[in-house]
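Accompanying notes for the structure given below.
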Amino acid sequence: MAKLISRPNMTAAEAMYVPEIAKGLGITIGRFFKNTFSSRGTEGNEIDTIDYPEERRTYPERFRGIHRLTHRADGSPRCVACLCCSTACPAQCIHIEAAEYPQGDARHGYERFPKVFVIDELRCIFCGFCVEACPCDAIRMDSGLHMPPSTQRAHFIFDKEMLMAIPAADGSFETKNPRHEPGDPTHPGVDREHHH
Amino acid sequence: MGEVTTVLGGGDAGFATTKFEALLGWARKFSLFQYPFVTACCGMEHMATAGPRYDVERFGAGAPRFSPRQSDLMWVVGTISQKQAPALKRIYEQMTDPKYVIAFGTCASCGGFYDNYTTVPGIDKVIPVDVFIPGCPPRPEAVLDGLILLMEKIQNGDREPAVLPPQKIAPLEALLQLRAKPQSGE
């Protein structure tokens, strides 16, 4: 079935084609001179280019950047080496070796700590599943930094010390979520030795 | 203008002394002709970098050449499968010397989360790679960081790795080591 299209109602100047082309080119050439002879960022200049290394765009608040391991009040990692993050990781880029706190430590028999915590930042796909999986708010991606490129793959292997040295975007190493250590009156848990 | 002062290190006598390699590196780093080997979704971010917002042409690396013989910078953008690896190597060999390779994104750099038999676990298994850009896909800022890193490398005359680094442990030895390792907790 053919569809009937009505003829466009053009004036004589429009039907002549050439004046309209000249008008369009006039806009293009005008923009060219305006953008060439006025500096960026001034009124009337319409260049949107970001001069990246000098001028940086602020990342969104929830941008997922490099991981960081959050600290407790005493500077030790919040991580209890439960392996939830490495299990949830679709890229399998997290390697954790758990260890027991020494005898006599208040946390001994209650929770463990990561002896080795390595993230291959090159293999990571920055999905944030590790952050979602973490029950202790120990791993976060709120550093506000993208992972910088490098010339060697070995540079992308981040160990525990490296991950703990990365601050959040606001400069802190802790999180706003409170933590209740064993021995605190607010501590809800029981441990293997002392059942309440 | 920092680059010019490095090239033209003026002497006390008023002569502009220069090293030919430094001049050559300075000329090369601002005239990169790229060959986009785009295979996957990272291509969208590659286009975003080439677009007017981030404008890779500011670094002189904007013009894509879809012939390897006319290009000296290969962007490997996306997953490389085992079947594609010979083609990638052949295209790399056809490029004009000096040639540089950027592994763009997680998949090209190390296989990413494709832990299977069809995906090459990093194109550095096939061709030498100058710069790895992490991210899935990387932000345009990360891409420009990688490009700036490559430009520094070219200026310094650094051709590492010109050849593939030899694997320290042969696969069979690695397997034997794994078997010899005592199982913890048993």
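None of these values were measured; they are calculated from a predicted model. Each chain gets a letter, A, B and so on, in the order its sequence line appears, and its residues count up from 1.
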Heavy-atom neighbours of [X] [atom1] exceed 12 at 6.0 Å:
X	atom1	result
A:F173	CZ	yes
B:D97	CG	yes
B:Y114	OH	no
A:L25	CG	yes
B:E93	CD	yes
A:M16	CE	no

Legend entry - Aromatic B:Y54 / basic A:R57 pairing, under 6.0 angstrom, 45° off normal: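 The answer is no, since A:R57 fails at least one limit relative to B:Y54.
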Do [X] and [Y] have side-chain heavy atoms sitting under 4.5 Å apart?
X	Y	value
B:I148	A:P53	yes
B:E141	A:Y59	yes
B:D145	A:H146	yes

How far apart are the closest heavy atoms of [X] and [Y], and which atoms are they?
X	Y	result
B:C110	A:R153	CB-NH2, 3.2 Å
A:P149	B:A142	CG-O, 3.2 Å
A:E121	B:P134	O-CB, 3.8 Å

Please state whether the side chain, the backbone, both or neither of [X] comes within less than 4.5 Å of a heavy atom of chain A.
X	answer
B:L149	side chain
B:L150	neither
B:F59	side chain
B:R53	both

Report yes or no: do [X] and [Y] belong to one cluster of Ile/Leu/Val/Met/Phe/Trp/Tyr joined by side chain heavy-atom distances under 4.5 Å?
X	Y	answer
A:V116	A:Y101	no
B:M44	A:F126	no
B:M95	B:F33	no
B:Y100	B:W26	yes
A:M141	A:L145	yes

Inset, instruction - Indicate whether any N or O donor in one side chain lies under 3.5 Å from an N or O acceptor in the other, for B:D55 and A:Y52. - result: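 Checked: B:D55/A:Y52 side chains show no N/O donor-acceptor pair below 3.5 Å.
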Drop me the distance from [X]'s [atom1] to [Y]'s [atom2], to the nearest 0.5 angstrom.
X	Y	atom1	atom2	answer
B:L144	A:I50	CG	CD1	10.0 Å
A:R123	B:D115	CZ	CG	6.0 Å
B:F113	A:C93	CZ	SG	11.5 Å

Inset, instruction - Look only at the side chain of B:T106 and the backbone of A:C124, and say whether a donor-acceptor pair between them is shorter than 3.5 Å. - result: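 Looks like yes, one N/O pair under 3.5 Å.
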Legend entry - Short side-chain to backbone donor-acceptor contact, B:R58 and A:T49, under 3.5 Å: no
